[in-house]
Amino acid sequence: MSELDYGPLRHLTGVWRGDKGQDKSPEPDGVEENAYTETMRFTPAGDVDNAETQELVAVHYHLDVHRIRDGKMIHNQTGYWIWDADSGLIMHDFVIPRAVAVVAGGEYRGETDALGNFVFEVAAGQGHPEWQIAQSPFMIKNALTTAFEQRFVSGAEHLAYRQTTLVDIYGRKSFEHTDENELSRVE
Ligand code: HEM
């Protein structure tokens, strides 16, 4: 049996922790800022064929985020990172427990940082019509996510990301809900 080639996703499998998280999220009267800790758990999800043409490999993950000030869980997310070697496409589909689902994508052409870590970017929503965001009727009416963009850095012992989620909320358009963190491998 031959080993699957996970391409730029090959370092992800394992458990990662980081305590340098910085969140800016919407409040009725402005912005809430949260320093946070985060745990991500990645497991291989194997290969997938779509319509007998598209051959993918995927890694599943679950992450949780706790506010450092009071230990409260302020974010929870699960999804897949997916690699299509033939077309050089990276996809990231995930759900969060606000009834919002994102299918983001981007091209990967071998980009690395100065340390040789893989660097990939995905986006969905406004400005990226082929990559979509689905959400509940309540969220569409009251807290509409219009765009998601993420930059991910993945190495053998180092993982980092920064992301911007645009939200129409509290009568304001395109609130920039931003999150970033750096994590190290713990398993
Ligand atoms: C590390 C990642 C994230 C953290 C720490 C985080 C944290 C938060 C926090 C603290 C709030 C304010 C909650 C409140 O006041 O009730 C919030 C609101 C929100 N977040 Fe996130 N979030 C993250 C990622 C995301 C992502 C990826 C999405 C969507 C794709 C998202 C969508 C929203 C929406 C739509 C709201 C507005 C709902 C509301 O405030 O009532 N968030 N987030």
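Whatever order the structure lists ligands and atoms in, that order sets their numbers, starting from 1.
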message: Suppose we screen for salt bridge (charged side-chain N to carboxylate O under 4.0 Å, His left out). Which residues come up paired with Arg172, at least two apart in sequence or across chains?
response: none

- line: Under 2.8 Å from atom 21 (Fe) of ligand 1, protein N/O/S atoms total 1

field: Contact bool for atom 16 (O) of ligand 1 (protein heavy atom, d < 4.0 Å)
entry: no

message: Quick check on contacts: which atoms of ligand 1 are under 4.0 angstrom from a heavy atom of Glu27?
response: 15 (O)

- prompt: Counting from 1, what ligand 1 atoms have a heavy atom of Ala143 closer than 4.0 Å?
  reply: 35 (C)

- line: Within 4.0 Å of some non-hydrogen atom of Tyr161, the atoms of ligand 1 are 1 (C)

task: Identify, by atom number and element, the atoms of ligand 1 in contact range of Val65, meaning under 4.0 Å from any of its heavy atoms.
output: 1 (C), 5 (C)

statement: Under 4.0 Å from one or more heavy atoms of Val102, ligand 1 contributes atoms 30 (C)

message: Any heavy-atom pair between the side chains of Tyr80 and Val59 that's under 4.5 Å?
response: no

- request: Go through Thr78 and His60 one step at a time and tell me if the side chain to side chain donor-acceptor pair (under 3.5 Å) criterion holds.
  value: CA-CA 8 Å; Thr78 190; His60 176 252; 3.0 Å; yes

Which segment of Met139 sits under 4.0 Å of ligand 1 when only heavy atoms are counted: side chain

field: Per-residue contact class, Ile133 against ligand 1 - non-hydrogen pairs under 4.0 Å
entry: neither

